[in-house]
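Mind looking over this structure? Questions follow.
Along the sequence shown, the residues carry numbers beginning at 1. Worth saying up front: this structure is predicted, and the values here are computed from it rather than measured.
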Amino acid sequence: QVQLVESGGGLVQAGGSLRLSCAASGRTFSNYAMAWFRQAPGKEREFVAAISWSGSTYYADSVKGRFTISRDNAVNTAYLQMNSLKPEDTAVYYCAAGRTRTGIGEYKYDYWGQGTQVTVSS
């Protein structure tokens with residue numbers, strides 16, 4: 001089992017920045033690919049970014065150039081730095097962990113956090 005706890009969400013004005021954190025416990029963190037997903041009200045959950053166990057990163061087109069995913073295996077934490085935020089980035093952001101690669105930049109995620117709310121005002 002892997003437990004994931006997100007933090008860092010909040011209310012920010014358009015153009016601002018936030019950094020989300022995902023603290024993991026329970027298994028060897030470095031063996032897992034980590035990802036961020038988000039779900040806005042009335043919409044399906046969508047992929048935001050992923051980072052492999054070796055550090056390769058992948059992004060949704062909607063966040064490329066604005067968001068950066070990273071990981072620190074020494075403290076079992078993944079991060080999502082979000083810059084130039086837009087109102088359309090408003091959503092609950094979820095952290096996920098998985099070990100099975102299903103394609104380039106794609107993984108089967110077995111563990112999910114409870115989510116953290118990000119609200120961007122215009």
Side-chain angles (χ1 to χ4, degrees):
Q1 288 286 336
V2 174
Q3 293 80 41
L4 303 173
V5 179
E6 302 98 333
S7 62
L11 174 64
V12 64
Q13 289 188 334
S17 298
L18 282 175
R19 189 176 82 154
L20 305 183
S21 298
C22 174
S25 62
R27 289 288 179 94
T28 306
F29 177 75
S30 60
N31 290 345
Y32 287 81
M34 302 296 296
W36 291 93
F37 289 77
R38 66 187 181 187
Q39 187 167 19
K43 295 187 177 181
E44 293 188 353
R45 186 175 61 194
E46 65 174 359
F47 169 79
V48 175
I51 185 166
S52 73
W53 37 79
S54 63
S56 298
T57 57
Y58 309 91
Y59 297 93
D61 288 343
S62 59
V63 306
K64 278 181 183 176
R66 299 189 298 124
F67 291 11
T68 302
I69 189 171
S70 61
R71 64 190 299 158
D72 186 343
N73 291 339
V75 293
N76 291 351
T77 303
Y79 304 97
L80 185 67
Q81 177 66 44
M82 304 186 295
N83 298 329
S84 302
L85 282 161
K86 305 174 181 179
E88 51 264 44
D89 294 319
T90 295
V92 177
Y93 283 71
Y94 297 92
C95 175
R99 293 191 63 182
T100 304
R101 182 178 175 183
T102 58
I104 298 175
E106 298 180 347
Y107 302 87
K108 177 180 178 292
Y109 295 102
D110 301 305
Y111 303 102
W112 295 82
Q114 82 290 349
T116 185
Q117 177 70 47
V118 171
T119 303
V120 184
S121 63
S122 56

Set of residues satisfying salt bridge (charged side-chain N to carboxylate O under 4.0 Å, His left out) with respect to Lys64, sequence neighbours excluded: Asp61
Taking every heavy atom of Ile69 against every heavy atom of Ala35, the minimum-distance pair comes out as CD1-CA, 4.3 Å
For a 4.5 angstrom cut-off between non-hydrogen side-chain atoms, does Leu80 reach Val48?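 Sidechains of Val48 and Leu80: in contact.
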Does any pair with a residue in residues 1-16 pass side-chain hydrogen bond (donor to acceptor under 3.5 Å, both in side chains), and if so which ones, sequence neighbours excluded? Gln3-Ser25, Glu6-Gln114
Less than 4.5 Å apart, any side-chain heavy atom of Thr68 and any of Tyr59?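 Heavy-atom side-chain distance check passes, below 4.5 Å.
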Residues that Ser54 engages under side chain to side chain donor-acceptor pair (under 3.5 Å), provided they are two or more places apart: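 Only Ser52 meet the side chain to side chain donor-acceptor pair (under 3.5 Å) criterion with Ser54.
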What residues, two or more places apart in sequence or in another chain, satisfy ring pair (Phe, Tyr, Trp, His ring centres under 6.0 Å) together with Tyr107? Trp53
Note, Thr116 side chain near Leu20 side chain (heavy atom, < 4.5 Å): yes
Taking all atoms of both residues into account, what is the closest heavy-atom pair of Tyr109 and Gly98, and its distance?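 The pair with the smallest heavy-atom distance is CD2-N, 3.7 Å.
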Scan residues 65-83 for pairs that pass salt bridge (charged side-chain N to carboxylate O under 4.0 Å, His left out), counting only residues two or more places apart or in two chains. Arg66-Asp89
Ser17: which residues meet the side chain to side chain donor-acceptor pair (under 3.5 Å) condition with it, sequence neighbours left out?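 Per chain and number, Ser17 pairs via side chain to side chain donor-acceptor pair (under 3.5 Å) with Asn83.
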What pairs of residues pass the salt bridge (charged side-chain N to carboxylate O under 4.0 Å, His left out) test when at least one of them lies in residues 8-17, not counting sequence neighbours?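 Applying salt bridge (charged side-chain N to carboxylate O under 4.0 Å, His left out) to every pair that reaches into residues 8-17, excluding sequence neighbours, yields nothing.
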Starting from the C-alpha separation in whole Å, work towards a yes-or-no answer on side-chain contact (heavy atoms from CB on, under 4.5 Å) for Val63 and Met82. CA-CA 9 Å; Val63 306; Met82 304 186 295; over 6 Å; no
Under the rule for ring pair (Phe, Tyr, Trp, His ring centres under 6.0 Å), what residues qualify as partners of Phe47, not counting sequence neighbours? Phe37
Can you list the residues that meet the side-chain contact (heavy atoms from CB on, under 4.5 Å) rule with Glu46, with sequence neighbours excluded?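 By the side-chain contact (heavy atoms from CB on, under 4.5 Å) rule, Glu46 matches Arg38.
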Heavy atoms only: give me the nearest Met34-Ala97 pair and the separation to one decimal. SD-CB, 3.6 Å
Do any pairs count as a salt bridge (charged side-chain N to carboxylate O under 4.0 Å, His left out) and have a residue in residues 91-108, sequence neighbours left out, and if so which ones?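 Of all non-adjacent pairs touching residues 91-108, those that pass salt bridge (charged side-chain N to carboxylate O under 4.0 Å, His left out) are Lys108-Asp110.
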For Ser30, what residues pass the side-chain contact (heavy atoms from CB on, under 4.5 Å) criterion, not counting sequence neighbours? Thr28, Asn73
Any chance you could measure Trp36, atom CH2, to Cys22, atom SG, to the nearest 0.5 Å?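 If I round to the nearest 0.5 Å, the distance is 5.0 Å.
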Over all atoms of both residues, closest heavy-atom pair of Ala24 and Leu4: CB-CD2, 3.6 Å
Could you give all pairs that pass the ring-ring contact (aromatic ring centres under 6.0 Å, His included) test and reach residues 69-106, with sequence neighbours left out?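 As it turns out, there is no ring-ring contact (aromatic ring centres under 6.0 Å, His included) pair with a partner in residues 69-106 once direct neighbours are skipped.
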